[in-house]
Engineer: 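Shown below is the structure under consideration.
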Amino acid sequence: EIVLTQSPDTLSVSPGERATLSCRASQTVGNNYLAWYQQKPGQSPRLLVYGASTRANGIADRFSGSGSGADFTLTISGLGPEDSAMYYCQQYSSLPRTFGQGTKVEI
Amino acid sequence: EVQLVESGGGLVQPGGSLRLSCTAFGFNFYNYWVAWVRQAPGKGLEWVASIDPHGNDTHYVDSVQARFTLSRDYAERSLYLEMNNLRADDTAIYFCARDTFGVFDFWGQGTLVTVSS
């Protein structure tokens, strides 16, 4: 099983700043099959990025995914109050599908 | 518009059973894997199970293997999760999600399952 560890657990940033979220895997994520999701309180998760760096339909270009192998990053630029949420990474290169524990972004 | 609508959650005693349903709208149900992902209160996301487009291939997380069973009904455009021998640690919101090659690209609103005496 691939274990994903996200850091930091909580990130406090000011409006307009940039947030950098990390996701580290316990082993190489094959084909960079790594996705990122945003979940706001009381809502279901929303897909942001897949394939490590491809934005999902309708996702603003303020959200940018990067990385390869076992180290991945989600960068959110021009942060606004609407970006306050939990962010999860997920690998889909092998079973079981696994998620990181999440990073809480506070604006 | 893609929509997934879950139902069937509720309060059940330890050792009991429950059947969750998920009805799909807005996409060709015959062409996609579908999955269940759960979230315990105040916790993160955990993939539970996925079923292939033809209903022949299923995968489960180890903790539910032999207790949970996935099935799908094409006429009803629905996915079902039969949960048996429920435990307290199965308490969670259960989300249905479209599973596109392992990426959960659309999610339902979730249904709450509470296992307690």
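We name chains A, B, ... by the order of the sequence lines, and we start the count at 1 in each one.
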Engineer: What's the separation between atom CE in A:M86 and atom CG in B:L45, rounded to the nearest 0.5 Å?
Structural biologist: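 Answer for the CE-CG pair, A:M86 versus B:L45, is 8.5 Å.
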
Engineer: What I'd like to find out is whether the side chain of A:P45 reaches to under 4.5 Å of the side chain of B:F104, using heavy atoms alone.
Structural biologist: no

Engineer: Do you know which of B:K43, B:Q109, B:H59 has the most heavy-atom pairs under 4.5 Å to chain A?
Structural biologist: B:H59

Engineer: With no hydrogens and no angle check, is any side-chain donor or acceptor of B:Q39 less than 3.5 Å from a backbone partner on A:S44?
Structural biologist: no

Engineer: Tell me, for B:V48 versus chain A, whether the close heavy atoms (under 4.5 Å) come from the side chain, the backbone, both or neither.
Structural biologist: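 For B:V48, there is no contact with chain A at all, as no heavy atom is under 4.5 Å.
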
Engineer: Test B:T100 against A:Y50 for side chain to side chain contact (heavy atoms under 4.5 Å, CB included), laying out the working first.
Structural biologist: CA-CA 11 Å; B:T100 302; A:Y50 62 94; over 6 Å; no

Engineer: Given the rule in the side chain to side chain contact (heavy atoms under 4.5 Å, CB included) test, do A:Y92 and B:D99 qualify, once you have shown the distances and angles that lead to the verdict?
Structural biologist: CA-CA 10 Å; A:Y92 53 101; B:D99 179 347; over 6 Å; no

Engineer: Using non-hydrogen atoms and a 4.5 Å limit, figure out which bit of B:F106 sits close to chain A: side chain, backbone, both or neither.
Structural biologist: neither

Engineer: Taking 4.5 Å as the heavy-atom cut-off, does anything in residues 27-37 of chain A contact chain B, and if so which residues?
Structural biologist: A:Y37

Engineer: Under the side chain to side chain contact (heavy atoms under 4.5 Å, CB included) rule, what do B:W47 and A:Q90 come out as? Steps first, then yes or no, please.
Structural biologist: CA-CA 10 Å; B:W47 169 78; A:Q90 176 240 333; over 6 Å; no

Engineer: Tell me if the OH atom of B:Y74 is crowded by more than 12 foreign heavy atoms within 6.0 Å.
Structural biologist: yes

Engineer: State whether the number of non-hydrogen atoms from other residues, nucleotides or ligands found under 6.0 Å of A:R24 atom CZ is greater than 12.
Structural biologist: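 Not buried by this count: 12 neighbours or fewer within 6.0 Å.
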
Engineer: Considering residues, nucleotides and ligands other than A:R18, do more than 12 of their heavy atoms fall under 6.0 Å from its CZ?
Structural biologist: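 It does not: A:R18 CZ has 12 such atoms or fewer within range.
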
Engineer: Is A:Q39 in contact with chain B via its backbone, its side chain, both, or neither, using a 4.5 Å heavy-atom distance?
Structural biologist: side chain

Engineer: Please say whether more than 12 non-hydrogen atoms of neighbouring residues, nucleotides or ligands are located less than 6.0 Å from CG in B:D62.
Structural biologist: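 Counting neighbours around CG of B:D62, 12 or fewer heavy atoms of other residues, nucleotides or ligands fall under 6.0 Å, so no.
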
